[in-house]
Structure formats: structure tokens, C-alpha cells
Amino acid sequence: MNQKYLIPLTAVFLLFLIAYTGVEGAGLQWFFGIVFPYVAIIAFLAGFVYKVLGWASSAVPFRIPTTCGQQKSLPWIKQNTIDNPNTSTGVFVRMILEIFLFRSLFRNTKAAFNRNVSNRLSYSWEIFLWLGALAFHYAFLVTLLRHFRFFTSPVPSCIKFLEYIDGIVQLGLPGIMLSGVVLLAATLFLLARRIFDAKVTYISQAADYFPLFLIIGIAATGLAMRYFTKVDIIGIKTLAMGLATFSPTIPEGVGGLFYGHLFLVSILFAYFPASKLMHMGGIFLSPTRNMANNTRAKRHINPWNYDVETHTYAQYEDHFREKMVEAGLPVDKPLDKKE
Amino acid sequence: MSDEIKPDELLDKIDYGPRSESGSKSEPASWMDTSVQIRPGMYCYAAKAESVETLSLPNARPWNPLEDDWKLPDNWQEILHQGIKDRLEKFRTFKVFMDICVRCGACADKCHFFLGTGDPKNMPVLRAELLRSVYRNDFTTAGKILQKIPGGQKLNGARPLTLDVLKEWWYYLFQCTECRRCSVFCPYGIDTAEITIMGRELLNLIGLNIDWIATPVSNCFQTGNHLGIQPHAFKDMIDFFVEDIEEVTGVNVEPQMNIKGADILFITPSGDVFADPGTYTCEGYMILFKYLKDKYDLNVTWSTYASEGGNFGFFTSHETMKRLNAKMFAEAKRLGVKWILGGECGHMWRVINQYMDTMNGPADFLEEPVNPITGTKFENSKSTKMVHITEFTADLIKHGKLELDKSRNSNRIMTFHDSCNPARGMGLLDEPRYIIENCCDHFYEMPPNTIRELTFCCGSGAGLNAGENIELRMAGGLPRANAVKYVHEKFGVNTLGTICAIDRAALPTLCEYWVPEVEVYGIHELVGNALILPGEKKRTEDLRFEPLPGVEEEEDE
Ligand code: HEM
Ligand code: SF4
Ligand code: SF4
């Protein structure tokens with residue numbers, strides 16, 4: 001059991017240390033600052049595309065949406081056009097709600113069984129997974145987008161605006177960005193769930209802990225740079241701009257902590273396509289959600305539909321003709337009057 | 001069945017905390033290290049060789065799940081490997097669902113089998129992981145590399161396909177009723193039913209079906225229906241209903257059979273012809289068709305060739321499903337009807353709604369269905385040309401075309417069980433409710449988390465309605481029964497309405513076990529009781545030959 005999270009935890013520590021000592025001790029800035037980030041981005045893009053093309057190349061033989069509401073039926077019966085869409089507009093809305101609001105997760109309930117006189121099974125609404133997941137993903141998204149200020153010059157106004165919004169809640173401390181704090185907190189909550197909710201512990205694999213520790217590591221090193229130690233922002237911007245313009249340079253005076261942060265991010269990118277994180281792409285291709293429930297109205301084509309051997313009516317009648325005639329059932333071919 | 005487990009014993013076992021097979025809670029071993037124990041009461045008997053042979057499906061042989069040797073073909077691993085590979089290419093669902101589960105656990109406590117047994121491998125996510133662990137090992141780049149490093153497999157949550165793993169697949173894939181409840185809650189729509197469907201298809205490649213599926217499939221292929229009722233016997237049974245109905249109503253409702261040139265072909269599961277209480281639903285259809293014939297000259301024909309609405313092929317493989325389903329269109333074409341009307345059944349309607357036209361269409365020899373009595377176009381079925389009987393009847397009622405005497409059902413305090421497939425593979429939710437409200441005075445819904453798209457399975461679907469797995473069925477049906485019990489105690493509900501033939505076979509047993517005071521009714525049984533046939537006598541009994549409400553008192557006066 002323990003292995004499942006001790007190994008990923010150790011791995012993340014080691015990865016950080018490798019970069020930190022590699023830079024501080026061995027002077028490998030060029031590797032951790034230039035080579036590996038490029039490798040990671042290439043692996044990410046190539047892997048992502050490969051994976052999505054792989055899914056897309058599989059056929060969709062049947063139209064099998066999971067219907068979660070009233071179908072389109074008689075004109076006076078009110079259809080649930082979102083949860084049981086029969087048009088592509090409906091599907092679009094359903095997908096938007098899934099992708100941006102995790103609509104299905106919002107339905108989550110928690111079952112409990114009371115072994116007493118009534119022996120009731122009860123289901124209560126369980127919103128914390130949804131809240132935690134949504135907080136985590138949006139914090140991640142905002143944090144990621146905010147980083148574009150390092151890669152752009154001048155910084156686009158939309159990024160500046162995002163920063164402004166993100167910093168609007170100051171929590172009593174000036175300069176605090178909400179997204180970073182929420183990211184760390186939400187990831188810690190998701191981790192706690194994995195460790196303390198017995199059912200989730202039981203289903204978890206090392207591959208579930210690893211991304212969480214990795215993101216916690218990234219958030220922690222990021223927050224450390226922002227709030228606790230002085231890092232050379234000008235130097236970092238020079239490095240980032242160098243990467244973005246394909247003329248990489250290694251600035252002086254940027255320390256191991258930054259390279260540790262960058263290395264963990266690179267690992268996350270490189271690891272992404274080979275992992276469950278690909279749910280980001282998969283959700284778009286999930287046939288139970290991205291198809292309209294209209295197969296009865298509009299024929300769906302199965303690209304590999306092939307003919308099968310059936311038991312035909314003629315065979316059936318040949319087998320049962322005598323009995324059918326006796327029972328007064330009509331037949332296609334009359335009985336031979338041999339006798 | 002004297003050794004049958006008692007309800008209290010079953011309830012004592014329920015515990016949603018993970019535990020090892022032996023039940024000790026202290027240090028639950030990893031699920032991958034607990035090997036399967038096939039327990040009587042929880043599994044169905046192996047498919048008989050003859051039944052597998054009827055359709056020339058592979059590896060027919062006698063075998064017994066409890067024995068060590070399952071008499072597998074020598075190259076079974078190779079067959080399965082190739083089988084998985086093929087299906088990853090043929091089904092995007094399978095491929096995507098193998099890759100993207102984040103193991104968030106949102107689906108974990110949504111499965112009735114988990115809720116009823118507490119067995120962690122009945123959490124949908126773990127049921128899928130049984131296959132996914134092999135997929136990770138054999139079909140992913142990471143898996144192939146990690147295999148070579150000591151401890152790498154474990155780190156990756158991967159494992160090779162061993163005999164033990166195969167047995168585990170078999171045991172747990174036949175503890176899933178393909179109900180799709182898990183899929184409603186999954187943030188990516190991962191449908192464990194779909195994974196079970198793939199898994200069962202794979203098991204069939206090496207002849208590992210259960211007999212409760214294989215034999216009905218074989219019957220259906222040859223005789224036209226799951227129960228193997230031959231044409232003359234089918235007619236006899238219907239004639240028997242004609243007599244019973246005449247006794248109750250005084251009207252002869254003799255239906256048409258195999259009649260060419262009828263307006264509509266009617267197909268319903270053979271279970272409705274075969275056993276109570278489905279038979280009363282069947283009588284309901286017959287009364288309705290007689291009424292429509294007399295009042296509006298609508299000609300509905302039954303067929304003995306296509307005398308099965310259900311499709312246990314769906315629980316075997318996509319190909320077998322297609323082979324059985326082909327009869328519906330073929331018969332409609334032969335008889336030259338305008339369109340097809342389908343009876344009350346669950347998985348039958350998943351097949352019709354989501355597969356039939358794709359597999360066996362286009363049905364260009366039929367007309368776009370229009371209700372000739374009301375003029376309503378059934379827009380939602382204009383390609384498949386098959387209409388659900390509750391859509392049809394609801395339309396008739398809405399247009400005031402049926403004369404109904406609700407009071408004849410006034411002793412029925414109803415609740416309605418949404419069957420999994422019409423709910424989550426179609427969305428047929430309000431049509432049957434509308435009919436109930438027009439045929440009965442008292443209707444109470446079960447709690448919101450247990451109805452409509454969140455409905456709980458009867459626990460016996462997808463071919464698991466056998467006798468030998470009764471413990472599994474009673475445990476799997478617990479969440480359903482528990483909700484029925486709730487409305488029974490709160491509102492005095494005494495009748496559970498349903499639109500599924502498997503429900504009509506399974507729920508009476510389930511109710512008897514958990515809520516013995518509740519009876520199971522098909523929706524068209526209610527229609528049959530309420531509908532006033534032209535020229536009928538004063539009815540004193542319902543279709544079950546029970547006195548109608550108010551009748552006993554009148555006689556006492
Ligand atoms: C379209 C984009 C995405 C959508 C709709 C999405 C949706 C979800 C949902 C619904 C969950 C399940 C709830 C949970 O377990 O927290 C989840 C989990 C997760 N997502 Fe995403 N996600 C997206 C992109 C990403 C990206 C880009 C990352 C990159 C880091 C990511 C990382 C994770 C992780 C690590 C988990 C698992 C959390 C845990 O272990 O409990 N997701 N995602
Ligand atoms: S809800 Fe979906 S993603 Fe979450 S564990 Fe279940 S199948 Fe996996
Ligand atoms: S489809 Fe139904 S029975 Fe199968 S795993 Fe999901 S919830 Fe359980």
C-alpha cells in the first residue's frame with residue numbers, strides 16, 4: 001500500500017534534487033534550462049497528437065450516448081435537451097458543461113447504509129470532489145496562463161488583466177495571487193482524499209499519486225520563489241524569452257530552486273501523454289457524451305458493419321411448417337401432400 | 001433452496017470499507033494480489049456446449065467454473081490478445097475508456113452490486129481496472145518498457161493475463177448488469193457497461209459464456225424466441241390468454257398472427273407470453289389491440305418467427321446481437337407492414353434505440369411511423385421505424401382516443417421502476433408515467449436518487465436472472481428494493497410498475513425477499529384493466545382474477 005505513494009513521493013523529491021544539484025553543483029544550466037524543456041515540449045506535443053490520433057483512428061460503430069434525461073418524444077413531452085440531446089447544438093452545450101463545469105461530477109452522491117430497524121440505504125449529495133476538482137483545474141489553468149508573461153514581450157493585455165483579477169483578493173497580504181494558493185490547497189485536498197478515503201485509497205495506483213506530488217512540488221517551488229526567496233525575475237524572463245524565440249541563452253544569477261521548478265514542469269509535460277492526464281483530450285472524444293441520442297431518427301453508419309449469418313424465415317418455416325399448418329398459422333409454402 | 005441466504009445475513013455482510021477476500025479489514029492487500037474465489041450463489045452455470053454450437057460460436061465444450069481446469073484452448077492468451085487488439089481498433093469507446101480513467105472514485109458507490117455486496121471489485125472503476133491492468137501491461141508503450149524493470153509492472157498497476165486474472169474477469173464481468181448507472185456519474189462518461197460488453201465478447205471467443213445467456217440465444221436463433229416456444233405452442237399460449245380475457249371481459253380478443261398486409265407488426269419479449277406476471281401485461285396488449293381494431297380498424301399482427309423482442313445476443317457479442325436482431329426487419333419486410341411497434345422491455349429497447357438501424361438497417365421498405373388514429377408522426381423514430389408501445393399508448397391517451405376507467409385500478413398504490421436501458425440508453429421516462437397517471441389514482445415516486453436516469457437496476461439484468469446466483473441477485477437488487485420499501489412504508493405503495501420483461505421476471509422474487517407486500521405490474525396490464533372494450537360485460541375481476549375494487553363490498557350489500 002505505502003509503496004504506492006512513497007515511491008512517487010520519493011521520485012518527485014529526487015527529480016527536484018537532480019535538477020537542483022545539477023545546476024548548483026555541476027553547472028548543468030544548459031541541460032535543465034534549455035535541452036530538457038525543449039525535449040519535454042516536443043514529447044508533450046508529439047505524444048498528445050499521437051494519442052489523440054490513435055483514439056480518432058478507432059471507429060465509432062454505434063451511437064451510444066448515456067442518456068441522462070427525457071428523450072425527444074411526443075411533442076407535448078418536455079425533452080431534456082442538454083442531458084439527452086438529439087441535435088448537435090444540444091451535444092455542444094452538454095460538452096461545454098462537462099468540460100468547463102464538470103457537470104457529471106456535480107451529480108456525485110455518497111451512499112450510506114444504516115444497519116438498524118429501518119435498514120435504509122441513503123444517498124447524500126457529495127460536492128467536495130467537484131469543488132476540489134474544479135478549484136484545482138481552474139487554479140492550474142490560471143497559473144499556466146499567467147506564466148505567459150515570461151514568454152511574451154510586451155505582455156498581452158489579457159494576461160495582465162488575468163493577473164489583476166487573480167490578485168484582487170489580497171487576503172490581507174499584498175501581492176498574493178489567488179490561483180497559486182488555491183492550486184496548492186486543492187491539490188493537497190485531492191491528495192488527502194486519496195490517502196484517507198478508504199475506497200479511493202484502494203483503487204489508487206502509483207500513477208495517481210505521481211501527478212499529484214509533481215503538481216504539489218511545482219506549486220510549492222513556485223510559491224517559494226514568489227513569496228519566500230528572492231529570485232532574479234529579469235534573468236528568468238531572459239531565459240524564457242530565449243526559449244520562446246528559439247535563441248536560448250542562460251542568464252547569470254538564476255539559482256537551483258528555479259531550475260528545480262522548471263525541471264518538474266518539464267517532467268509533467270513529458271509525462272502527460274503517457275498518463276491518465278490525457279483525460280484532457282479524451283473527454284472530447286468520449287462517445288457516451290459527445291453524441292446525440294437520435295439513432296432512431298437518423299441512421300448512424302458503422303464503418304465495419306459486415307453481413308452475418310441469420311436464421312431466415314424460410315429456414316424457420318421449413319422446420320416448423322407442419323406444426324404451423326396444424327395450428328392454423330399461415331405459411332408461405334403449402335405443405336407437400338406426399339402421403 | 002433451503003440454504004438460501006436470509007435477508008438479515010445478507011445485510012450483515014454489507015460494509016463499504018475495503019477489505020480482503022477473507023473479510024479482515026486490518027491491512028487490505030492490493031486488489032491485484034487478492035485472487036478470485038468463485039462462490040456458489042454468486043455465479044451462473046457455464047454455457048452448455050450444445051447451445052454454444054447452435055450459432056457455431058467458438059470453443060463449445062462442457063466446463064465447470066468451480067473446477068481448476070476450464071478446458072481452455074491452448075492458445076487462449078493469444079486469442080484474447082488478438083481480440084483486445086481488434087476491439088481497440090473497432091470501438092473508440094473501448095480505447096478511450098482504457099486510457100483516461102483518473103480513478104477519482106466518483107463511480108465507486110454508484111453500482112448496485114457494490115452497494116449490495118460491499119465487494120470492492122464491484123466498484124465500477126475496479127471492474128474496469130481488471131481489464132485495464134492487462135491493457136496497461138500489453139498494449140501501452142509505458143507498460144511494455146516498465147515490464148522489463150523489476151517492480152515496474154506493479155508501479156504501473158499492470159499485470160499479465162494469467163489464468164487467475166481470466167477467472168477474475170469471468171466472475172466480475174458476470175456480476176455487472178450493464179446498467180450504465182456508473183456512466184452517469186463519471187466525469188468523462190466512462191461506461192463500465194461498455195467495458196463489460198467488450199469483456200464478455202472476449203470471453204465468448206474462448207467459449208466462456210454462462211448458460212442463462214447461451215441457451216436463450218440458441219433458442220432465439222432457431223425457434224424465434226429465448227424460451228424456445230415453438231410456433232404452435234406460442235399460438236396455444238396466446239389462445240389461452242384469449243380465453244382468460246373473455247372470462248374477465250366477455251369479449252373475444254383473438255389477435256392476428258403472421259398476417260401479411262397488417263398495418264403494424266408487434267414484437268414483445270417472449271417472457272410476456274411465458275410467465276406471470278408478464279402474461280397479464282401481454283393480455284393488456286391484446287385488449288388494447290382489440291380495442292383499436294374494433295374502434296379504429298387498426299390491424300396489428302404478431303409474429304411467431306420474430307416472437308422475441310429481447311436480445312440476449314447483446315450480452316454475448318455485437319455479432320450475436322445482430323444475428324438475432326435481424327429477424328425484426330426481415331419479418332416486417334416479409335409481412336409488408338407499415339412500421340413496427342415494440343412491447344415493454346428494457347435491453348430490447350437499448351438495442352432498438354442505439355443499435356438496430358445501424359446494424360440491420362436501413363429499413364427503407366417501411367414507412368415513417370404515423371399513428372393512423374391520431375395522425376401523430378413519431379419523429380424520433382422516423383429512420384428505425386419502430387415505436388415504443390408507451391409512446392404509442394401515451395399518444396392515444398393524450399388525444400382522448402382511449403376510454404379508460406381508472407377506478408378499476410384504484411386499489412393499486414403505484415410506484416414506478418425505471419428500467420436501466422430505457423432510462424440510460426434511451427431516455428424513455430415520462431411516457432410510462434403519463435400512462436400510469438391516466439390509468440391509476442395513486443402514484444408515488446421513489447426517492448429522487450433512485451429513479452429516472454439515476455434508477456437502480458433490478459440486479460438481474462444482462463442475463464443474470466438465473467436461479468443459481470440468487471444471492472448475487474438479491475444483493476444487487478437491494479438498492480432498488482430498499483427504495484421500494486421506503487415508499488411502501490411511507491405511502492402504503494403496494495404495486496411496482498415497470499416496462500421491462502426481465503423486471504417482471506426478477507422483481508417479484510426481489511420484492512418477495514425484501515418487501516413481500518408489493519406486487520409487480522407491467523404498465524399495459526394497468527391499461528388492460530382500465531380500458532373499456534366495446535361490448536364488454538360488467539367486469540368484476542381484474543386480469544389476475546382478483547376482485548375489482550369496490551366489487552366485494554357491493555356484493556356484501
Ligand atoms: C479539458 C481539460 C480538463 C478537464 C475537463 C479535466 C477534468 C477533470 C476531472 C473531472 C477530474 C476528476 C476529478 C478529480 O479527480 O479531481 C480530473 C482529475 C484530474 N485532472 Fe483534469 N481535466 C482537464 C485537464 C487537466 C490538465 C491539463 C491537467 C494537468 C495537470 C489535469 C490534471 C488532473 C489530475 C492530476 C487529476 C486527478 C486528481 C486526483 O488525483 O484526484 N487535468 N480532471
Ligand atoms: S468516475 Fe470515471 S474517471 Fe472516476 S474512477 Fe470512475 S470511471 Fe474512472
Ligand atoms: S454498468 Fe451497472 S452493474 Fe455494471 S459496473 Fe456500472 S453500475 Fe455496476
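In this text, all values refer to a predicted model and were calculated from it rather than measured experimentally. Naming: A, B, ... by sequence-line order, numbering from 1 per chain. All heavy atoms count here, side chains included; hydrogens, waters and symmetry mates do not.
Between the side chain of N293(A) and the backbone N or O of M426(B) there is at least one donor-acceptor pair closer than 3.5 Å. In this structure a side-chain-to-backbone donor-acceptor pair under 3.5 Å is present from S286(A) to Y188(B). In terms of modelled atom types and a separation under 3.5 Å, the side chain of K327(B) and the main chain of T310(A) share no donor-acceptor contact. A donor-acceptor pair under 3.5 Å links the side-chain atoms of N305(A) to the main chain of T358(B), judged by distance alone. A donor-acceptor pair under 3.5 Å is absent between the side-chain atoms of R323(B) and the main chain of V308(A), judged by distance alone. Between the side chain of Y123(A) and the main chain of K110(B), no donor-acceptor pair closer than 3.5 Å is present. Side-chain atoms of Q70(A) come within 3.5 Å of backbone N or O of D430(B) as a donor-acceptor pair. Side-chain atoms of K95(B) come within 3.5 Å of backbone N or O of G54(A) as a donor-acceptor pair. The main-chain N or O of I352(B) is never found under 3.5 Å from a side-chain atom of R296(A) such that the two would form a donor-acceptor pair. Between the Q354(B) side chain and the P65(A) main chain, a donor and an acceptor come within less than 3.5 Å of each other.
There is no contact between M356(B) and chain A, counting heavy-atom distances below 4.5 Å. For A108(B), the part lying near chain A is the side chain, with the backbone staying farther off; criterion is any non-hydrogen pair under 4.5 Å. Both the backbone and the side chain of L121(A) have a heavy atom closer than 4.5 Å to some heavy atom of chain B. Using a 4.5 Å cut-off between heavy atoms, F91(B) contacts chain A through both its backbone and its side chain. The part of N84(A) that comes within reach of chain B is its side chain, from C-beta onward, which places non-hydrogen atoms under 4.5 angstrom from that chain. I301(A) touches chain B through its backbone: at least one of N, CA, C or O sits under 4.5 Å from a heavy atom, while the side chain does not. Contact annotation for S122(A): neither backbone nor side-chain heavy atoms come within less than 4.5 Å of a heavy atom of chain B. Of the atoms belonging to I77(A), it is side-chain heavy atoms, and not backbone ones, that fall under 4.5 Å from chain B. The contact between T450(B) and chain A is made entirely by side chain atoms (from C-beta outward), counting heavy-atom distances below 4.5 Å. Of the two parts of F284(A), neither the backbone nor the side chain holds a non-hydrogen atom closer than 4.5 Å to a non-hydrogen atom of chain B. When heavy atoms are compared at a cutoff of 4.5 Å, F102(A) does not approach chain B at all.
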Set out, in order, the CA-CA distance, both residues' side-chain angles and the distance that settles side chain to side chain contact (heavy atoms under 4.5 Å, CB included) for T66(A) and V184(B), then state yes or no.
CA-CA 7 Å; T66(A) 308; V184(B) 171; 3.9 Å; yes
Dump the intermediate steps for side chain to side chain contact (heavy atoms under 4.5 Å, CB included) on W55(A) and I100(B), then the final yes or no.
CA-CA 11 Å; W55(A) 291 331; I100(B) 63 171; 3.7 Å; yes
H232(B) and F320(A): CA distance, side-chain angles, deciding distance, ring-ring contact (aromatic ring centres under 6.0 Å, His included) verdict:
CA-CA 9 Å; H232(B) 55 294; F320(A) 290 116; 7.2 Å; no
Full working for salt bridge (Lys or Arg N to Asp or Glu O under 4.0 Å) between R299(A) and D364(B):
CA-CA 11 Å; R299(A) 183 164 184 249; D364(B) 41 20; over 6 Å; no
Set out, in order, the CA-CA distance, both residues' side-chain angles and the distance that settles side chain to side chain contact (heavy atoms under 4.5 Å, CB included) for E89(B) and S57(A), then state yes or no.
CA-CA 7 Å; E89(B) 283 162 22; S57(A) 73; over 6 Å; no
Derivation and outcome, side chain to side chain contact (heavy atoms under 4.5 Å, CB included), residues M324(A) and Q230(B)
CA-CA 9 Å; M324(A) 290 173 77; Q230(B) 301 193 356; over 6 Å; no
Step-by-step side-chain hydrogen bond (donor to acceptor under 3.5 Å, both in side chains) determination, E431(B) to S73(A):
CA-CA 8 Å; E431(B) 296 86 342; S73(A) 174; 2.6 Å; yes
Worked verdict on R334(B) versus D332(A) for salt bridge (Lys or Arg N to Asp or Glu O under 4.0 Å)
CA-CA 10 Å; R334(B) 186 183 76 88; D332(A) 281 359; 2.9 Å; yes
May I have the step-by-step check of side-chain hydrogen bond (donor to acceptor under 3.5 Å, both in side chains) for E317(A) and Y305(B), ending in yes or no?
CA-CA 8 Å; E317(A) 195 184 293; Y305(B) 169 64; over 6 Å; no
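Residues R120(A) and N482(B) form a side-chain contact, since some pair of their non-hydrogen atoms from C-beta on lies under 4.5 Å apart. Using a 4.5 Å heavy-atom cutoff, the side chains of Y306(A) and K322(B) are not in contact. When side chains are defined from C-beta on, K154(B) does not count as touching K4(A), because their heavy atoms never get closer than 4.5 Å. The closest side-chain heavy-atom distance from Y313(A) to K333(B) is not below 4.5 Å.
In this structure, CG in N302(A) is found 10.0 Å from CE in M359(B), a value given to the nearest 0.5 Å. To the nearest 0.5 angstrom, T295(A) atom OG1 is 9.5 Å from Y355(B) atom OH. The CZ atom of F113(A) sits 10.5 Å away from atom CG of D15(B), with the distance rounded to the nearest 0.5 Å. In this structure, SG on C104(B) lies 6.0 Å from CG on L105(A), to the nearest 0.5 angstrom. Taken to the nearest 0.5 Å, the CD atom of E326(A) stands 12.0 Å off from the NZ atom of K235(B). Taking CG of L429(B) as the start and CG of N80(A) as the end, the distance is 9.0 Å to the nearest 0.5 Å.
Note: D208(A) leads V200(A), D208(A), V60(A) in heavy-atom pairs under 4.5 Å with chain B. In terms of heavy-atom pairs under 4.5 angstrom with chain B, the leader among L277(A), L190(A), N119(A), D307(A) is N119(A). Between chain A and the residues A142(B), G105(B), C186(B), the largest count of heavy-atom pairs under 4.5 Å involves C186(B). With chain B as the partner, the residue from K78(A), E126(A), R193(A) showing the most heavy-atom pairs under 4.5 Å is R193(A). Between chain B and the residues K72(A), M278(A), Q205(A), K51(A), the largest count of heavy-atom pairs under 4.5 Å involves Q205(A). Comparing N294(A), I99(A), N108(A) by heavy-atom pairs within less than 4.5 Å of chain B, the highest count is held by N108(A).
Only one option out of N371(B), N380(B), T376(B) pairs with L74(A) in a side-chain contact (heavy atoms from CB on, under 4.5 Å); it is T376(B).
Between R115(A) and D12(B), at least one side-chain nitrogen of the basic residue sits less than 4.0 Å from a carboxylate oxygen of the acidic one, meeting the salt-bridge criterion.
A cation-pi arrangement, defined by a distance under 6.0 Å to the six-membered ring centre and an angle within 45 degrees of its axis, is absent between R107(A) and F185(B).
Side-chain contact check for T304(B) and Y316(A): at least one donor-acceptor pair (N or O, by modelled atom type) lies under 3.5 Å.
Note on ring orientation: taking the six-membered ring where Trp is involved, the planes of W76(A) and Y434(B) are tilted (angle from 30° to 60°).
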